[in-house]
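Have a look at the structure below, then the notes.
In listed order, ligands and their atoms are each counted from 1.
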Amino acid sequence: MQRTYMDHSATTPVHPDVVKEMLTVLTDNFGNPSSIHGFGRSAREAVEQARSQVADLIGAKSEEIIFTSGGTEADNLAIIGAAYAHRDRGRHLITSKIEHHAVLDTFKFLERQGFEVSFLPVDQYGQVSPELFKEAIRDDTILVSLMHANNEVGTIQPIAEIGRMTRERGILFHTDAVQTVGRIPVDVSSLGVDMLSLSAHKFYGPKGIGALYLRRRVKIQPLVHGGGQERKWRSGTENVPGIVGLGKAAELARDEMPQRNAKLTELGRTLAQRITSEIPDSILTGHPEQRIPGHVSACFAGVEGESMLIRLDMVGFAASSGSACTSGALEPSHVLLALGLSHEVAHGSLRLSLGKDNTMEDVDRLMQVLPEIVSGLRAMSPLYKK
Ligand SMILES: Cc1ncc(COP(=O)(O)O)c(C=O)c1O
């Protein structure tokens, strides 16, 4: 059976050129970057080259990049680190209801530590309103964290507009850009952010490696203490293979982004159109235009999401329902509920996130099976009425 991967927002395959680069530091160039000898110096060189490759991808300076174990750690470091370092100035924090759990649960942790958090609502497309945001700001607001694009519905937030407001008021601004870095152009200066999280495995790099962009002179408190690596921001011997893989993936993303996105935009549009025209009672979720290329999310009333995924998997298609991290839970996704969808509709969600190697033929083959899977599940559902 032919297997077709359409779950690139969960993770991506590692690019062969990335594997090749990683092998060099897993074999001959195996040194510890902190060692004084030639092996160490050579490993240090590889780490610093990767740092500049990552910086180049997001318009930052090399010294503003801190390597972490992934997006989750970068989010924790930014949010807890900034809240603790600035708690003397105030205890109010702002985020949104549709953040990834790496952000949401970190804010819930801070609430238990005595911070006050405003969780902003979003509109039907999943965007935070800049007006509502302005109203939420208080004299004691010290930190804002809003995701650049949502992992479940693909909506891109008006980060630059919010960034102008936080900058005017001297409030620290973090964005979780795990779903956008390496996939759409991201520039930290135009976004007006002080901190930004990214993760290699979302753009053809390895898992377990990411980075936090920390604007020069912004102070945060480190979470991991020890040998003082990463200029004391994040101790622990560097994950050199991961870092080198992240650097190469960043370079490839920068070079190939226009071609990758021209194709993904076309595939995504075609798939979205075909879903709404060929499957009755289907609704596309997320913003119609402000979205990640190739990311298509939809809900089908009267369908149980997990059953749809299993049936798709049985015929060779890998997709997801809500986010991979929350699938398995019986509660419908917090993101879809925040968009105003009913529990019943939110239960029938499907996320198809295409990647650079998907083709129009993949889309055609998917559309040969998806309408039948949906109608088959509806026929068994006591809830679905035509
Ligand atoms: C928006 C968002 N933030 C954070 C993460 C977590 O990143 P990582 O898997 O690198 O820890 C993910 C992963 O799915 C994500 O989509």
N/O separation below 3.5 Å, Ser9 to ligand 1: no
Interatomic distance, Asn239 atom CG to Phe67 atom CZ [nearest 0.5 angstrom]: 10.0 Å
Test ring pair (Phe, Tyr, Trp, His ring centres under 6.0 Å) applied to His8 and His295, step by step: CA-CA 9 Å; His8 294 80; His295 183 295; over 10 Å; no
contact_flag Lys207 ligand 1 heavy-atom lt 4.0 Å: no
Ligand-side contact atoms (ligand 1) for residue partner Thr72, heavy atom cut-off under 4.0 Å: 6 (C), 7 (O), 8 (P), 11 (O)
Flag, side chain of Tyr5 to backbone of Asp7, donor-acceptor distance under 3.5 Å: yes
Ligand 1 atoms in contact with Met147 (distance to a heavy atom under 4.0 Å): 1 (C)
Qualifying residues under side chain to side chain contact (heavy atoms under 4.5 Å, CB included), relative to Ala136, sequence neighbours excluded: Ile94, Leu120
Ligand-side contact atoms (ligand 1) for residue partner Asn151, heavy atom cut-off under 4.0 Å: 1 (C), 16 (O)
Option nearest atom 12 (C) of ligand 1 (shortest heavy-atom distance, choices Gln179, His101, His148, His100): His100
Parallel, tilted or perpendicular: rings of His101 and His334 (30°, 60°): tilted
Under 3.5 Å donor-acceptor, Ser96 side chain and Leu146 backbone: no
Structural part of Val103 in contact with ligand 1, heavy atom criterion under 4.0 angstrom: neither
Minimum-distance pair of heavy atoms, taken over all atoms of Ser199 and Val178: CB-CG1, 3.8 Å
His92 side, atom NE2; Asp140 side, atom CG - distance, nearest 0.5 Å: 6.5 Å
Proximal atoms of ligand 1 relative to Asp176 (non-hydrogen, under 4.0 Å): 1 (C), 2 (C), 3 (N), 4 (C)
Residue-ligand contact His201/ligand 1, heavy atom below 4.0 Å: yes
Min N/O separation Ala149 to ligand 1 under 3.5 Å: no
Atom indices of ligand 1 within 4.0 angstrom of Gly70 heavy atoms, with elements: 10 (O)
